[in-house]
Number of protein chains: 2
Amino acid sequence: MLQRTASLSIPKTEFKSRTQKLLEHIRAERLSGVVLFDHYYILYYTGFAFIPTERPIAFVMNASGETALFVPRLEREHAQANACVDRVDDYLEYPCEPHPMQLLKKRLNEMGIVGAYGADTDGYPWVLGYRGPTLTELLGSAPRRVTAFIEDQMMIKSPCEIALIKESVKWANLAHQLLQRYTRVGATETEVSQRASAEATLAMLGAIGPIYRAQSPFAHGAHAGYRGQIGRNAAIPHALAANIVFQPGDVLVTGANAPVWGYNSELERTMILGRPSDEQREYFEHMLALQETALRAMRPGVRCSDVDRAVRRYYEEHHLMSYWKHHVGHAIGLRYHEGPFLDIGDQTELKPGMVFTVEPGLYLPHLGGFRHSDTVLITEDGIEILTYYPRDLESLTLPV
Amino acid sequence: MLQRTASLSIPKTEFKSRTQKLLEHIRAERLSGVVLFDHYYILYYTGFAFIPTERPIAFVMNASGETALFVPRLEREHAQANACVDRVDDYLEYPCEPHPMQLLKKRLNEMGIVGAYGADTDGYPWVLGYRGPTLTELLGSAPRRVTAFIEDQMMIKSPCEIALIKESVKWANLAHQLLQRYTRVGATETEVSQRASAEATLAMLGAIGPIYRAQSPFAHGAHAGYRGQIGRNAAIPHALAANIVFQPGDVLVTGANAPVWGYNSELERTMILGRPSDEQREYFEHMLALQETALRAMRPGVRCSDVDRAVRRYYEEHHLMSYWKHHVGHAIGLRYHEGPFLDIGDQTELKPGMVFTVEPGLYLPHLGGFRHSDTVLITEDGIEILTYYPRDLESLTLPV
């Protein structure tokens with residue numbers, strides 16, 4: 001009788017089937033192998049989450065299906081314990097002598113990666129002070145970019161991935177509920193966000209701690225906050241946090257997420273502090289209708305562009321285009337933003353297993369921003385809205 | 001009589017003198033202009049902090065010194081309010097139609113950027129689902145990489161930048177003091193880290209809130225924590241947070257920081273929970289001696305490699321190389337890691353205005369990790385250790 005330990009994590013068999021698909025692509029393209037530097041791609045194929053720095057880390061696979069992870073000494077044990085690969089090779093340090101890329105070249109030669117090969121970028125990107133040769137300089141020929149294939153693969157989420165996104169939704173929902181509960185006139189966004197996020201994180205760890213890892217370099221638990229989108233400042237959709245004090249009449253735009261084994265969800269709500277004015281009510285209702293329009297347009301077989309076009313039509317028919325700032329939404333998964341995009345320029349067909357944010361917004365300089373964001377799964381015959389936080393104005397009106 | 005409002009931020013004149021230096025480089029290299037995509041470089045030259053996404057943002061300067069920021073519609077007002085540039089141009093959306101890079105090409109043509117030109121990367125990197133042409137494909141010729149020049153420029157911190165790093169040190173010190181105070185057997189790293197970080201952030205905002213911005217896409221206040229480096233797990237230096245419960249006898253490795261107008265500092269301490277064993281005491285003292293060795297080796301005119309070599313000699317003479325995992329340290333500023341590196345492979349000369357972390361470590365699988373990190377400024381005649389948290393074992397031994 002098999003004894004299994006409960007876990008939320010992606011099973012090893014799934015990492016194997018992911019690399020298997022990449023291997024089939026390598027063979028179909030007649031490549032000798034592939035080199036990946038992007039840390040999300042490495043997490044996707046190996047399960048190894050790490051803090052990206054100036055020390056290059058690479059995932060390598062040759063056309064025989066042998067896999068290796070190339071890491072600095074610093075990450076050896078960490079990688080050995082977590083990465084689903086045949087072997088972990090380490091170099092001493094960056095910059096050091098010889099340059100790590102010279103050792104990578106040696107390993108690539110040993111694995112038979114010569115001539116035609118694939119990569120996500122031509123060498124490790126020059127981030128955080130890193131400097132080094134391109135793969136072209138190193139190997140004498142330019143890599144074939146395999147990014148499009150990988151992006152297409154990552155678009156379709158497996159049942160395990162969807163389960164993790166659903167788990168993320170729950171704890172983001174808790175953080176958001178607490179955020180709404182603690183938001184009041186005179187408080188600051190920072191104290192409210194900290195209290196809600198801390199309590200939600202502790203509850204989450206109490207409930208699922210032993211089977212949970214964030215696997216995110218940026219966040220370690222549930223989080224809900226405003227990112228400065230308060231009052232008229234809410235008209236700037238990608239503001240950074242300030243420490244604004246809540247005032248009666250403020251239009252608020254929230255955001256909540258909780259990375260679960262690397263997977264993200266997105267929950268955003270527009271809330272009004274005090275009795276909404278007629279104008280606030282009007283734009284809130286338009287925003288709801290815009291989101292409804294998008295949700296009604298989404299189903300398998302439809303193109304991303306069709307969804308954005310349907311929503312743009314609503315903006316135009318209601319003379320709202322001067323308050324438009326962005327497309328309907330983006331895919332979400334291991335990354336807080338990923339492709340495809342619900343955008344008139346994206347002709348990708350919606351397919352079962354894709355997960356999107358749906359978040360058309362209205363931004364009025366004198367009034368603030370209006371945007372809900374929900375996380376939505378494309379199913380075999382339609383959609384499943386994974387976020388279940390109330391959307392109506394009454395539920396999102398805060399007492400003053 | 002001039003009336004000035006108190007501010008901690010970098011003054012506009014400094015952004016102008018930064019771009020002026022870049023301009024001189026462009027002219028010396030006979031380039032028609034430069035295109036930068038890296039969000040830290042954009043922050044450095046324009047003061048505009050934003051959340052990097054799949055929507056390309058570019059800073060452009062031509063050989064006449066005209067500057068422009070190229071942003072999505074979403075960021076227009078945000079950029080206009082914050083970026084120190086001659087003009088902000090916006091494109092509708094990514095992916096959209098036409099592709100934003102086609103509009104960037106038009107703007108580059110209008111600004112006279114043709115033939116020889118510089119860039120940090122050959123096109124916007126394919127991150128978070130972005131796909132698009134390289135600059136080479138777009139303009140018909142490959143860019144000259146200007147990254148090395150920019151990195152060299154960013155290495156030398158101005159008095160304003162040093163003041164911001166010193167401000168960061170203070171609030172990281174507070175967060176760390178609270179972290180030490182709240183750490184006790186039976187508590188979890190998450191609850192202790194959250195409480196210390198939240199209290200320090202609120203104190204910081206109470207003290208400097210009106211003249212403060214984090215300007216960081218990743219952190220919005222002071223933070224102190226363990227990132228899972230607890231007990232034997234502390235032997236993995238770049239672990240990600242778990243939710244470990246503190247046990248008597250644990251060796252702990254901390255980390256504290258507070259981004260201030262984008263600038264970082266680094267404070268890390270090794271602490272022991274309960275009376276240190278003889279073995280713990282031995283490696284703690286070696287770690288202190290390693291750090292002392294580095295600090296004694298640092299002064300203007302010395303090479304980065306010399307510092308690492310002096311410290312490696314200590315490891316070797318005391319038979320500690322099997323516990324070595326990384327070089328002595330890295331520069332720090334707008335980025336939590338940046339060059340140059342205190343590494344045998346880095347021949348850069350230490351110069352006044354450089355700021356480094358000094359953090360040689362010892363990692364013993366059966367015992368844990370031992371590492372202090374201090375933030376150190378190179379002065380005209382030596383060094384100034386900017387972090388002032390106690391380093392001795394007695395101060396860092398916690399009661400059980």
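Just so you know, these numbers come straight off a predicted model, no measurement behind them. Below, chain A is the first sequence line, B the second, and so on; all start at residue 1.
The candidate with the highest count of non-hydrogen atom pairs below 4.5 Å against chain B, out of A/Pro340, A/Pro98, A/Ala148, A/Gly221, is A/Ala148. In terms of non-hydrogen atom pairs under 4.5 Å with chain A, the most contact-rich of B/Arg76, B/Glu97, B/Arg195, B/His330 is B/Glu97. Of all the listed residues (A/Met154, A/Gln194, A/His99), the one sharing the greatest number of non-hydrogen pairs under 4.5 Å with chain B is A/Gln194. Annotation: maximal heavy-atom pairing with chain A below 4.5 Å, among B/Ala198, B/Gly339, B/Pro72, B/Ala235, occurs at B/Ala198. Note: A/Tyr336 leads A/Tyr336, A/Tyr130, A/Tyr212 in heavy-atom pairs under 4.5 Å with chain B.
No side-chain heavy atom of B/His326 sits less than 4.5 Å from a side-chain heavy atom of A/Leu92. Residues B/His337 and A/Arg55 are in side-chain contact: their nearest non-hydrogen atoms beyond the backbone lie under 4.5 Å apart. Annotation: side chain of B/Thr188 is not in contact with side chain of A/Leu205 (no heavy-atom distance under 4.5 Å).
At a 4.5 Å heavy-atom cutoff, the contact between A/Ser197 and chain B is made by backbone atoms alone. Looking at A/Tyr94, the atoms closer than 4.5 Å to chain B (heavy atoms on both sides) sit in the backbone and in the side chain alike. Using a 4.5 Å cut-off between heavy atoms, A/Ile150 makes no contact with chain B at all. For chain B, the nearby part of A/Pro52 is the backbone; its heavy atoms alone come within less than 4.5 Å.
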Run the numbers on A/Lys325 and B/Glu77 for side-chain contact (heavy atoms from CB on, under 4.5 Å), then give the verdict. CA-CA 11 Å; A/Lys325 285 201 178 179; B/Glu77 292 81 1; 2.9 Å; yes

Please lay out, stage by stage, how B/His327 and A/Glu93 fare under the test side chain to side chain donor-acceptor pair (under 3.5 Å). CA-CA 7 Å; B/His327 54 217; A/Glu93 181 57 296; 3.2 Å; yes

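Remark: A/Phe341 CZ to B/Arg131 CZ distance equals 8.5 Å, nearest 0.5 Å. Remark: A/Glu191 CD to B/Thr201 OG1 distance equals 12.0 Å, nearest 0.5 Å. If you take NE2 on A/His220 and CZ on B/Arg227, they are separated by 8.0 Å, rounding to the nearest 0.5 Å. If you take OG1 on A/Thr121 and CH2 on B/Trp126, they are separated by 11.5 Å, rounding to the nearest 0.5 Å.
Relative to the six-membered ring of B/Trp324, A/Arg73 misses at least one condition, a distance below 6.0 Å or an angle of at most 45° to the axis.
When all heavy atoms of A/Asp343 and B/Cys96 are compared, the pair lying nearest together is OD1-N, 2.8 Å.
Using a cut-off of 4.0 Å between Lys/Arg side-chain N and Asp/Glu carboxylate O, A/Asp122 and B/Arg145 are scored as not salt-bridged.
Residue pairs that meet the salt bridge (Lys or Arg N to Asp or Glu O under 4.0 Å) test with at least one member in residues 326-342 of chain B, sequence neighbours left out, are B/Glu151-B/Arg335, B/Lys157-B/Glu338, B/Arg335-B/Glu338.
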